[in-house]
Amino acid sequence: MISTNDLTDAELRALVERGAEFSNGSVRSGEQLTGLVAGIHFLKTSTRTRTSFSAAALRLGAKIISFGPDDLQTNTGETLEDTAEVLSRMLDLLVVRSAGDPADLRAFAAQPRMAVVNAMTADEHPTQAIADLTTILCRFGRIEDLRICYVGEGNNTAAALALTLSRFKGVHLELRTPPGYGLDPATLKRAAANAAASGASVVELHSMDSRPQGFDVIYTTRWQTTGTSKPDPDWRRIFAPFQVTTALWDSSPDAVFLHDLPAHRGEDVTAEVLDGPHSLAFDQAENKMYAAMAVLEWCAGRR
């Protein structure tokens, strides 16, 4: 699972529904992955994603082997293809966070034995989106016809949201991104094509001058995306109007708040929002484990 673009609509929906089943306890973890070995290979820092996949594999009965950024011979010049060929003879699943080029993960996935999961690349964070949709489904009982406002950088989390929410009928996704920090044009074009096929809508604006109206979900991420830096030294001034505050709830009083974490209180979001009654951010973090269970089970062919 390298990109949500690789999933059919039915596969995407099944993964989200399975994540919700794990989350609400209607199906229990146990022996779904018994006898399998999963590699957890993270080249960048992670709290939630690394823990969620490790815990998910263990709860489903698999064994895990963890690799840090300096542990494999790729650092000494071995090719990704040779590394993947060797690992595939010892592992059944490999979860990789690179924050880099998704082509590297496709090189890992080129062998026929071992399933590979994208735990974040520079362009997309697909399993985060599955956790996000799992959280939305658990809260509302549906994804169709909801209105979601994303505020912040058009980063890999925003890309994954756009590529997945655009496939559900009646969804309206509004992205409020700072000027110069919007969604990649190719991703926005793909999301628009998804929306045209499904009956959803995706809009990107680069201003907070008009207040978002009547949304079910307000979502933000931290301003400094993992594994990236901003060349503009004045970027904080550009981002300042995009801070999520309680004022956004004046026009969307029933909206829930989502954040993929980590959050920087007083920067991307105020403490009143993150710790307030509308926030599902920590339920969302827990749902990363349940979404990881769904992804590992599906990739292993054990569903």
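Connection of Val217 to Phe242 is not established within any shared hydrophobic cluster, with ILVMFWY side chains joined at heavy-atom distances below 4.5 Å, either directly or through further cluster members. Leu36 and Leu87 fall into different hydrophobic clusters, where Ile, Leu, Val, Met, Phe, Trp and Tyr side chains are chained together by heavy-atom contacts under 4.5 Å. Under the 4.5 Å side-chain heavy-atom criterion for ILVMFWY residues, no single connected hydrophobic cluster contains both Leu175 and Val151. Trp298 is connected to Leu58 through a chain of hydrophobic side-chain contacts under 4.5 Å among Ile, Leu, Val, Met, Phe, Trp and Tyr, so both are in one cluster.
What you find for Pro212 and Ser251 is that their closest heavy atoms are O-CB, 3.2 Å. Between Pro241 and Met208, the shortest heavy-atom contact is O-CG, 3.4 Å. The two residues Asp132 and Leu161 have their closest heavy-atom pair at OD2-CD2, 3.7 Å. What you find for Val202 and Ala191 is that their closest heavy atoms are CG2-O, 4.2 Å. Contact detail for Leu91 and Leu94: the closest heavy-atom pair is CD1-CD1, 4.1 Å. Considering all non-hydrogen atoms of both residues, Ala57 and Ile64 come closest at CB-CG2, 3.5 Å.
Rounding to the nearest 0.5 angstrom, the gap separating the CE atom in Met120 from the OG1 atom in Thr157 is 7.5 Å. Atom CG of Leu188 sits about 5.5 Å away from atom CG of Leu183, to the nearest 0.5 Å. Once rounded to the nearest 0.5 Å, the distance linking CZ of Arg190 with CG of Asp184 reads 13.0 Å. Taken to the nearest 0.5 Å, the CZ atom of Arg302 stands 7.5 Å off from the CG atom of Asp92. In this structure, CD in Gln224 is found 8.0 Å from CZ in Phe239, a value given to the nearest 0.5 Å. Atom CZ of residue Arg113 and atom CD of residue Gln111 lie 7.5 Å apart, to the nearest 0.5 angstrom.
In this view, His41 satisfies the side-chain hydrogen bond (donor to acceptor under 3.5 Å, both in side chains) rule with no residue, not counting sequence neighbours. Qualifying side-chain hydrogen bond (donor to acceptor under 3.5 Å, both in side chains) partners for Asp275, counting only residues two or more places apart in sequence or in other chains: Arg265. Listed by chain and residue number, nothing satisfies the side-chain hydrogen bond (donor to acceptor under 3.5 Å, both in side chains) test with Thr220 (two or more places apart in sequence, or in another chain).
Residues Ser201 and His172 bring a donor and an acceptor atom of their side chains to less than 3.5 Å of each other. Judged purely by distance below 3.5 Å, without hydrogens or angles, the side chains of Glu272 and Thr246 never pair a donor atom with an acceptor atom. Looking at Thr49 and Lys288, their side chains do bring a donor and an acceptor atom within 3.5 Å of each other. In this structure, a donor-acceptor pair under 3.5 Å is absent between the side chains of Thr177 and Tyr150. Side-chain contact annotation: Thr83 with Glu78, donor-acceptor N/O pair under 3.5 Å present. Checked by atom type, the side-chain pair Thr134/Asn287 shows no donor-acceptor distance below 3.5 Å.
Using a cutoff of 4.0 Å between basic side-chain nitrogens and carboxylate oxygens, Lys230 and Glu153 are scored as salt-bridged. Arg176 has no carboxylate O lying under 4.0 Å from a charged side-chain N of Glu204, or vice versa, which leaves the two without a salt bridge. Salt bridge annotation for Arg106-Asp6: present, with a cationic side-chain nitrogen under 4.0 angstrom from a carboxylate oxygen. Using a 4.0 Å cut-off between charged nitrogen and carboxylate oxygen, Glu31 and Arg59 do not count as a salt-bridge pair. A salt bridge is defined here as a Lys NZ or Arg NE, NH1 or NH2 lying under 4.0 Å from an Asp or Glu carboxylate O, and Lys169 with Asp145 fails to meet this definition.
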| Which is it for Asn155 and Thr221 under the side-chain hydrogen bond (donor to acceptor under 3.5 Å, both in side chains) test, yes or no, and what are the steps along the way? | CA-CA 9 Å; Asn155 58 16; Thr221 67; 3.2 Å; yes
| side-chain contact (heavy atoms from CB on, under 4.5 Å) between Phe215 and Glu174, worked out | CA-CA 9 Å; Phe215 284 91; Glu174 186 170 294; 3.7 Å; yes
| message | Run the salt bridge (charged side-chain N to carboxylate O under 4.0 Å, His left out) test on Arg222 and Asp268 for me, step by step, so that the C-alpha distance in whole Å, both residues' side-chain angles and the decisive distance to 0.1 Å come before the verdict. | response | CA-CA 5 Å; Arg222 70 172 176 171; Asp268 41 273; over 6 Å; no
| Can you list the steps and then say if Arg18 with Val27 is a side-chain contact (heavy atoms from CB on, under 4.5 Å)? | CA-CA 9 Å; Arg18 188 63 165 175; Val27 61; 3.7 Å; yes
| Residues Arg48, Leu261; criterion side-chain contact (heavy atoms from CB on, under 4.5 Å); working and verdict | CA-CA 8 Å; Arg48 279 147 293 276; Leu261 302 178; 3.5 Å; yes
| query | Given Ser29 and Met289, is the side-chain contact (heavy atoms from CB on, under 4.5 Å) satisfied, shown in steps? | reply | CA-CA 11 Å; Ser29 58; Met289 179 178 68; over 6 Å; no
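Relative to the ring axis of Phe53, Arg50 does not place its NZ or CZ within 45° and under 6.0 Å from the centre. Within the cation-pi definition used here (under 6.0 Å to the ring centroid, within 45° of the axis), Arg97 does not qualify as a partner of Phe42.
Checked by atom type and distance alone, the side chain of Asp216 never pairs as donor or acceptor with a backbone atom of Ala255 at under 3.5 Å. Between the Gln32 side chain and the Gly30 main chain, a donor and an acceptor come within less than 3.5 Å of each other. In this structure a side-chain-to-backbone donor-acceptor pair under 3.5 Å is present from Ser279 to Leu274. In this structure, the side chain of Asn75 engages the main chain of Pro69 through a donor-acceptor pair within 3.5 Å. A distance-only check finds no donor-acceptor pair linking the side chain of Asp234 to the backbone of Arg237 [under 3.5 Å]. The backbone N or O of His125 lies less than 3.5 Å from no partner atom in the side chain of Gln128, so there is not a single donor-acceptor pair. Side-chain atoms of Thr79 come within 3.5 Å of backbone N or O of Asp82 as a donor-acceptor pair. Judged by distance alone, the side chain of Gln243 and the main-chain N or O of Gly266 form a donor-acceptor pair under 3.5 Å.
Of the candidates Thr4, Asn5, Asn118, Thr187, Thr4 is the only one forming a side chain to side chain donor-acceptor pair (under 3.5 Å) with Glu124.
Under the 4.5 Å side-chain criterion, counting only non-hydrogen atoms from C-beta, Cys299 is in contact with Leu93. Looking at Arg236 and Glu267, their side chains come closer than 4.5 Å, going by heavy atoms from C-beta outward. For the pair Pro126/Ser3, no side-chain contact is recorded, criterion being any heavy-atom separation below 4.5 Å from C-beta on. For the pair Ile130 and Met1, the minimum side-chain heavy-atom distance is below 4.5 Å. Using a 4.5 Å cut-off on side-chain heavy atoms (C-beta onward), Val117 and Val96 make no contact. In this structure, the side chains of Leu105 and Ile2 come closer than 4.5 Å at one or more pairs of heavy atoms. The shortest side-chain heavy-atom distance between Phe22 and Leu60 falls under the 4.5 Å cut-off.
Two rings, from Trp249 and His278, have their centers less than 6.0 Å apart. Here Tyr219 and Phe257 keep their ring centres 6.0 angstrom or further from each other.
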